[in-house]
Amino acid sequence: MKKTISWLLAFAMLLAMMPSVLLPSVSAASATFRAGDVNGDHMVATSDVRPLLSYVVSSTELTADQQQAADYDFNGTVNTTDAKRILDAVISGNPNALLDISLLPARADDWYSPVQLTSGIKSIVDVTENGTNGQTFTNIGSTWPYAAYAYDQKILVPDDAYIEYDLTVRCSATSINLYVGGSIPDLEGDRVMDDVAGRQYFKLNSYISSTNIDAGSGDLTSGTYKGKVRVGDLALPDNCRIDGMLWISGLKVYAVGADKNALTIRTLQVTGFHDPVKIDRAGGSLEVVRPALIDTAETEGLSTLTGMELYVNGALSADSVIKPSKDNKKIYNTRLYRRIVNYTDGYQLDVPFDWQEDFSLAKLRTRYTSEHYTLNISRESKNPYGNNADSWNTYLTEWINRYIADSAFLSANNLSYTRTPVTSTTLVDGFEVMQYDIVINDNAKIAQPYYSIAIVRPETSYVNFYLFVLKSDARTSTVMEKLLRSFKTVTQSGTAVNSQGQYTLTEPSYWNAETKAYFNKLQTQETTDWGFFSASMVPKSDSSYSSQNKKIKAEYDRISGAIGYDYDIMPTYTHLQYGSSYNQFPTDMANTYAGGNGFNGKPVLQFTYQFTSNNNTNLAAYTPMYDVLRGKHDAQFRKLAKDIKAYKHPVLFRLNNEMNTDWTSYCGMVTLLDPDIFIETWRHLYDIFEQEGVDNCIWIFNPVTTTTPYCSWGEDLCYMPGEDYVHSLGLTNYEMGNNATLTSFQILYTRAYAKSADHFAAHPWIISEFAAGAGGEKKFDWNIDQWTDTTLGRNGDLQVTWIEEMFECLNNKDLSVNTFCKNIKGAVWFSVNDYTSINNKNYVVNYLALDEARADSLAAFKEGLKGQ
């Protein structure tokens, strides 16, 4: 059966093979050539020829593989080397094949005008418009075996529009591909330059196949198929998108494996256009433009306004005047842009019109999202080192670009740059901009693996800067640069407000009876449950089982005996891995030393699980976080879930504590400055537990009170996994005990209360680990930048006083001065010292352990516990 292959070839081929006198008047011409004679040797020796003509090449002698190799479109300029390469691929192994070449004329000033084709291919009719809400390509009528085209002049289509298809397949085809033709515009402000010769076709990553055209399987059979594909799902380069819209110059449907006359397209329609004045936003319907609020300086360069929104303290407002003391944000809307004016953070920015704003954590960051993009912007002003170049370099390299600028770290975690990091002082006027474009490789299970990170610092300040973190399902550097070019500062006014209120506590319906009863007890009790950590449990198969077992038993007996109190909570820590070996749930020890349910006289297990493979000691090396996203630890997670479910008793499950720091393998510094990765990995494990039927886990969200690095982007609320994924709030605030005076429990946990009360009042709070030190034998002197000798235990008396004052608070929660204690339902003392290694010798830095030498502190505990 005769097959046909088409591609665009250079004008040079015409000059080589056709009489030039025919060019002005020919509508269609054809000739037959021996395949071996049609190659680069017949091309005109020029490297820049506009493809103003195309050819239909057909032969009865080309194999299927040769036909597939010939399926190529020349675009833009064509040189003889490319032409020869393609032709050689077509005729490889069959130089004597006869090729029928038909000339298809086209005009440079109207590249997409319909052309009468030869070889039985019907003409393509003009495209008609379907009102103002769409673009329809009707009655295309092509019966070409491999493709049917629909052309139109350029149109801008929003990402959330759809291309709908109505296809008649008259015999089997293995699949149908949809192509979109776009052009690469030259964007300068609002000006768009469209070079006719620059138009290209871009193939979708995925095709319309039988699985989503029809419920059947296998080949597409004869019949009519209807459906649609979302415009925003098309895999097009960034430069085919203009301000959130897709630039479409043509459409093509491509049938693979179909016989001649297999495909007829009756209708191909672009639908789903939104009229911007009717877009509904999360905060309410789009507001009518209020002239009194329009500032001509803020709207400079914008096209006709279609609406404007004013947000006050995070909520859509009907005010007609700005109240400077409030958290005010304006959004000017046009058909293509949304111009954000953020007064409290002091900037304005243009984003695509379909990006949704999120001001719920405005004190920390603003967020803009669409189906394909997520942008977080934070204004940073917490550099503690001073306003000079050296202090900026210290802050930058310690807490901002420490890992995103480390190629060894990226390699260790299968991340890579999509372009070399750049620093510019011309991209944003008056600012130094550092950009890092990174992709998470092996990303089939990751929704938005492409990152563009920009550190935008005023050239006059070394303390203040803006952090942009943009992620997408496609490369984002072009989008980021467009955002940055629209960025400018405005006069700051007002005070930012988090409109995020109290998180709702949802008790899971799937909890078993023991867990429900214990959780209810935890919520309603006025007393505080206690636990003490001395060593971690290990499974029976672990080589350290015997030594750990003896240590845990000895410490439990010693401490509980000294304080006259049996533990309510038994804490332990388990890391995902040690090196490449997984750590397992310590079932035997959990049953021996815990096994409690709040009523049976045994301690309830507090199980701290951390995504680390090196005990959080080498953050520049491997972090499991990216492989968690990739699903590579799922088998281990499912085993852990089964083991915890089999344990049956309630588990205080504390995942990845102290994430808002610079010392954990899952902190934001190692996750591309993006706390969302913490959230995604948390939810991933939670969902696996739910799938495995785990019915006894109470999930504890446990940041530290003081965020380190000092920043807004990495504050604790930015890591909150969501109210459906958290059942309890964990608190951690240590007094390390090395200073001449100790900060009291009341002061430390009043700070924690002030940070959390507005959001977690409905949740039971557990101080999941804490302590007050008695003074280590080494102390770091920042003035001379070295460790100095001190006396071990020198602050023992202060530790005793600290414990006594702590119980004055916890045992008198009804007093107004102790309101901060009201939600504290449990506390775990971390009875393990902190060490540092100097010249290969370990020294105590923070003396936290309640060992025999701390008899006075143990006595203070005994006395305090009597008051419960």
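Under 3.5 Å, the side chains of N657 and N702 contain no donor-acceptor pair of N or O atoms. Side chains of E380 and W713: a donor-acceptor N/O pair is absent below 3.5 angstrom, by distance only. K813 and T528 share a donor-acceptor pair across their side chains, judged by distance under 3.5 Å alone.
A donor-acceptor pair under 3.5 Å links the side-chain atoms of Q548 to the main chain of S536, judged by distance alone. In terms of modelled atom types and a separation under 3.5 Å, the side chain of N818 and the main chain of L815 share no donor-acceptor contact. Checked by atom type and distance alone, the side chain of N738 pairs as donor or acceptor with a backbone atom of G776 at under 3.5 Å. Side-chain atoms of D716 do not come within 3.5 Å of backbone N or O of P703 as any donor-acceptor pair. The main-chain N or O of G737 is found under 3.5 Å from a side-chain atom of N795 such that the two form a donor-acceptor pair. Within the 3.5 Å criterion, the main-chain N or O of V651 finds no donor-acceptor partner in the side chain of Q606. H575 places no side-chain N or O within 3.5 Å of a backbone atom of S613 that could act as its donor or acceptor partner. The backbone N or O of F678 sits less than 3.5 Å from a side-chain atom of T681, completing a donor-acceptor pair. With hydrogens and angles disregarded, no donor-acceptor distance shorter than 3.5 Å links the side chain of D643 to the backbone of T587. With K540 contributing its side chain and Y545 its backbone, the two residues share no donor-acceptor pair below 3.5 Å.
A 6.0 Å sphere centred on NZ of K521 holds more than 12 heavy atoms belonging to other residues, nucleotides or ligands. No more than 12 heavy atoms of other residues, nucleotides or ligands sit less than 6.0 Å from atom OH of Y578. Within 6.0 Å of NZ in K382 there are more than 12 heavy atoms belonging to other residues, nucleotides or ligands. A 6.0 Å sphere centred on OH of Y710 holds no more than 12 heavy atoms belonging to other residues, nucleotides or ligands. In this structure, K602 places its NZ atom where only 12 or fewer heavy-atom neighbours from other residues, nucleotides or ligands lie under 6.0 Å away. For K363, the NZ atom sits in a loose shell: 12 or fewer heavy atoms of surrounding residues, nucleotides or ligands are nearer than 6.0 Å.
With respect to the salt-bridge test (charged N to carboxylate O, under 4.0 angstrom), the residues D627 and R630 qualify. Salt bridge annotation for K471-E680: present, with a cationic side-chain nitrogen under 4.0 angstrom from a carboxylate oxygen. The pair D687-R683 does not count as a salt bridge, with every side-chain nitrogen at least 4.0 angstrom from each carboxylate oxygen. A salt bridge is defined here as a Lys NZ or Arg NE, NH1 or NH2 lying under 4.0 Å from an Asp or Glu carboxylate O, and D634 with R638 fails to meet this definition. A salt bridge is absent between E715 and R365: the closest approach of a Lys/Arg side-chain nitrogen to an acidic carboxylate oxygen does not fall below 4.0 angstrom.
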Step-by-step side-chain contact (heavy atoms from CB on, under 4.5 Å) determination, F689 to C697: CA-CA 9 Å; F689 273 40; C697 273; 4.0 Å; yes
Y753 vs K822, side-chain contact (heavy atoms from CB on, under 4.5 Å): CA-CA, chis, key distance, verdict: CA-CA 10 Å; Y753 175 83; K822 198 73 176 175; 6.0 Å; no
Trace of the side-chain hydrogen bond (donor to acceptor under 3.5 Å, both in side chains) decision for N616 with Q610: CA-CA 9 Å; N616 300 307; Q610 297 181 334; 3.2 Å; yes
Worked verdict on D758 versus N498 for side-chain contact (heavy atoms from CB on, under 4.5 Å): CA-CA 10 Å; D758 289 342; N498 286 342; over 6 Å; no
Derivation of the side-chain contact (heavy atoms from CB on, under 4.5 Å) call for T608 and S768: CA-CA 9 Å; T608 298; S768 301; over 6 Å; no
Test log, rule side-chain hydrogen bond (donor to acceptor under 3.5 Å, both in side chains), inputs N614 and T612: CA-CA 6 Å; N614 52 38; T612 181; 3.3 Å; yes
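Nearest heavy-atom pair, A761 versus N823, reported as atom, atom and distance to 0.1 Å: O-ND2, 3.0 Å. The two residues S857 and I803 come nearest to each other via the heavy atoms CB-CD1, 3.7 Å. Closest heavy-atom contact between E735 and L848: O-CD2, 4.4 Å.
Contact annotation: the side chain of K645 approaches that of D695 to within less than 4.5 Å [non-hydrogen atoms, C-beta and beyond]. Side-chain contact between I766 and L522: present, with at least one pair of heavy atoms (C-beta onward) separated by less than 4.5 Å. Taking the side chain as every heavy atom from C-beta outward, Q746 and E805 never approach each other to under 4.5 Å. A 4.5 Å side-chain heavy-atom check between L652 and S728 finds every atom pair outside the cut-off. Under the 4.5 Å side-chain criterion, counting only non-hydrogen atoms from C-beta, I677 is not in contact with Y666. You'll find the side chain of L605 reaches within 4.5 Å of the side chain of T572, heavy atoms only. Considering only heavy atoms from C-beta on, K550 stays 4.5 Å or farther from E555 through its side chain. Within the 4.5 Å cutoff, the side chain of Y609 has heavy atoms near those of the L576 side chain.
The cationic group of R402 does not satisfy the cation-pi geometry with F409, failing either the under 6.0 Å distance to the six-membered ring centre or the 45° limit from the ring axis.
Using bins of under 30°, 30° to 60° and over 60° for the plane-to-plane angle, the ring pair W802/W829 lands in the perpendicular bin. Note on ring orientation: taking the six-membered ring where Trp is involved, the planes of F653 and W699 are tilted (angle from 30° to 60°). Ring geometry for F533 versus F830: interplanar angle under 30°, hence parallel rather than tilted (30 to 60°).
Here the two rings, on F861 and F532, have centers that are under 6.0 Å apart. Less than 6.0 angstrom separates the ring centroid of F807 from the ring centroid of W530. A centroid separation of 6.0 Å or more is found between the aromatic rings of Y567 and Y593. Aromatic pair F611/F637: ring centres closer than 6.0 Å. Here Y749 and F820 keep their ring centres 6.0 angstrom or further from each other. Ring centroids of W682 and Y725 are separated by 6.0 Å or more, keeping the two rings apart. In this structure, Y518 has its ring center no closer than 6.0 Å to that of H649.
Residues passing the side-chain hydrogen bond (donor to acceptor under 3.5 Å, both in side chains) test with S360, sequence neighbours excluded: D358.
From Q502, atom CD reaches atom CZ of F760 across 9.0 Å, with rounding to the nearest 0.5 Å.
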